[in-house]
Amino acid sequence: ASAIILRWKVEGLCGLLWWAMAVLALVGNIQQAGTGFVVGTVVCLIGFGIYMMVVEGRWAKAGAQHA
């Protein structure tokens with residue numbers, strides 16, 4: 001909900017992916033749950049972190065300041 005309110009598209013996609021991985025863990029077998037956990041971790045934590053570093057670098061080049 002906060003991603004919709006704040007218009008954070010990428011964060012919202014990561015949230016949806018985490019929900020999908022949680023559903024997979026509930027309905028799938030242990031192998032699927034483990035694979036889903038690894039995919040979710042790589043995409044949502046590592047991938048999103050790299051994405052945000054790139055975005056902040058662009059902001060810094062544009063001269064934007066943040067709190």
Side-chain angles (χ1 to χ4, degrees):
S2 63
I4 294 170
I5 294 168
L6 297 171
R7 298 183 184 146
W8 292 345
K9 295 175 186 171
V10 178
E11 181 70 23
L13 290 174
C14 285
L16 288 174
L17 182 61
W18 276 120
W19 274 100
M21 295 304 111
V23 170
L24 179 66
L26 289 172
V27 299
N29 61 29
I30 191 74
Q31 185 71 25
Q32 292 170 333
T35 302
F37 175 75
V38 171
V39 168
T41 300
V42 169
V43 172
C44 293
L45 296 180
I46 298 170
F48 183 73
I50 292 170
Y51 167 76
M52 285 307 300
M53 287 172 44
V54 169
V55 169
E56 285 187 356
R58 289 179 187 164
W59 289 343
K61 285 182 183 178
Q65 295 179 351
H66 57 84

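In this text the structure is predicted, and so the values were computed from the model without any measurement.
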- [ ] List, by chain and then residue number, the residues other than Leu16 in its hydrophobic cluster (Ile/Leu/Val/Met/Phe/Trp/Tyr, side-chain heavy atoms under 4.5 Å); write none if there are no others.
- [x]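 Same cluster as Leu16: nobody, lone residue.
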Task: Neighbour count >12 (heavy atoms, 6.0 Å) for atom CD1, Ile30 - done: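 Count not over threshold, so no.
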Open item on the list: With clusters defined by side-chain heavy atoms of hydrophobic residues (ILVMFWY) lying less than 4.5 Å apart, directly or transitively, does Trp19 cluster with Met21?
Closed with: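 No, it is not one cluster - the side chains of Met21 and Trp19 are not joined through contacts under 4.5 Å.
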Review item, side-chain donor-acceptor pairs of residues 33-49, under 3.5 Å, at least two apart:
{"residue": "Thr35", "atom": "OG1", "partner": "Gln31", "partner atom": "O", "Å": "3.0"}
{"residue": "Thr41", "atom": "OG1", "partner": "Phe37", "partner atom": "O", "Å": "2.8"}

- [ ] Could you grab the distance from atom CH2 of Trp59 to atom CE of Met52, nearest 0.5 Å is fine?
- [x]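 Between atom CH2 of Trp59 and atom CE of Met52 there are 4.5 Å.
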- [ ] Keeping the roles fixed (side chain from Gln32, backbone from Asn29), state whether a donor-acceptor pair exists under 3.5 Å.
- [x]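 Such a contact is found between Gln32 side chain and Asn29 backbone.
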